[in-house]
Amino acid sequence: LALGIGANATVFDVVDRLLFRPPPLVHHPDRVVRLYGTFTGPGGGGVNEVTTYGVYRNLSEGTHGFSSLAAFHETDVSVGRGVKAEKAHAALVSSSYFPLLGIAPAVGRAFAAEDDRLGADPTVVLGYGYWQRRFGGDPHVLGRRLWIGHEAYAVIGVAPKGFTGVDLDRVDLWLPLVRANALVFGEDVLGDPRQWYGSDWLEPIGRLAEGQSAGAAAAPAPPAVARAGAHAGEAVPPHARERARGVAPGFDREQVIAGH
């Protein structure tokens, strides 16, 4: 999936199965792949596991070979206020994330497209373990509010027991990626399209289309994706960019989503 990033060329041509040990509960994990970018430039090249929001959007709108794409970013957040605040591990995910993986919540619902937009009522899906620890498994938890960062998020669902996401990490809270991006950057940086290309922070995954191989899916992307580099580096406040780099999740290449 070829695309330009500034003066460099980034090619999403390393398409890997998700993990040697498939994530629990994922539907047909052999069809789910992680997308990597390989980049080249005057100083050399390498592989990047993360990309910008703008590139992810372009991939979603113009890439063939996949029935759907999703993106996520994991970080720690503060839950509660004042001296009672506590740290929780959160995953910011696109609204396509749960459907792509074939995950149905144990209680309530997952995110809809309207939940993952700026200005939407802030919503959260609880991890099953967090639901048990924090709420005692209360089946009437839907509609309760959790103070996360600087806002009160309404509980709309509970992830199924054993679901860890694609990185096999324990996730306490699932949050809508666009709506909650300020939890990563300290401020909203997705309200202005000029800021979409300034920081690599999202991990893209895809579900291969029927009859499509991973190798075929890694074919060159259409021109709309290739032009993404024209916007690279624009307008993201430097302190926000550095904060995103600081919380970008590490990646163990031995955990490359469903086995070779």
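Counting heavy atoms from C-beta on, the side chains of Phe66 and Leu35 come closer than 4.5 Å. Between Asp167 and Glu203, the closest side-chain pair of non-hydrogen atoms falls below 4.5 Å. Side chains of Asp115 and Asp121 form no contact here, defined as non-hydrogen atoms less than 4.5 Å apart. Annotation: side chain of Thr164 is in contact with side chain of Pro24 (closest heavy-atom distance under 4.5 Å). Ile205 places none of its side-chain heavy atoms less than 4.5 Å from the side chain of Val33. Between Phe72 and Leu177, the closest side-chain pair of non-hydrogen atoms is not below 4.5 Å.
Although no hydrogens or angles enter the test, the distance criterion places a donor-acceptor pair under 3.5 Å between the side chain of Ser94 and the main chain of Ala71. Formation of a donor-acceptor pair under 3.5 Å by the Trp147 side chain with backbone atoms of Gly149 is found in this model. Checked by atom type and distance alone, the side chain of Arg57 never pairs as donor or acceptor with a backbone atom of Gly54 at under 3.5 Å. With hydrogens and angles disregarded, a donor-acceptor distance shorter than 3.5 Å links the side chain of Ser67 to the backbone of Arg207. Remark: the backbone N or O of Leu69 is paired with a side-chain donor or acceptor of Ser96 at under 3.5 angstrom. Although no hydrogens or angles enter the test, the distance criterion places a donor-acceptor pair under 3.5 Å between the side chain of Asp116 and the main chain of Arg179. Panel note: side chain Arg31, backbone Ala209; a donor-acceptor pair is recorded below 3.5 Å.
Checked against salt bridge (charged side-chain N to carboxylate O under 4.0 Å, His left out), Arg133 has the following partners two or more places apart in sequence or in another chain: Asp172. Applying the salt bridge (charged side-chain N to carboxylate O under 4.0 Å, His left out) rule to Asp138 yields the partners Arg144; only residues at least two apart in sequence or on another chain are considered.
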TODO: Check the pair Tyr53 / Trp201 against ring pair (Phe, Tyr, Trp, His ring centres under 6.0 Å), numbers first and verdict last.
DONE: CA-CA 8 Å; Tyr53 175 70; Trp201 64 294; 7.2 Å; no
TODO: Could you go through the side-chain contact (heavy atoms from CB on, under 4.5 Å) check for Tyr197 and Val55 one step at a time?
DONE: CA-CA 7 Å; Tyr197 299 89; Val55 168; 4.2 Å; yes
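Annotation: the span from Leu118 atom CG to Asp192 atom CG amounts to 11.0 Å, rounded to 0.5 Å. Of the inter-residue distances, the one linking Asp76 atom CG with Leu173 atom CG reads 10.5 Å to the nearest 0.5 angstrom.
Trp174 pairs in a ring pair (Phe, Tyr, Trp, His ring centres under 6.0 Å) with only one of the listed residues (Tyr153, Phe111, Phe98), which is Phe98.
The pair Arg134-Glu86 meets the salt-bridge criterion, since a charged nitrogen lies less than 4.0 angstrom from a carboxylate oxygen.
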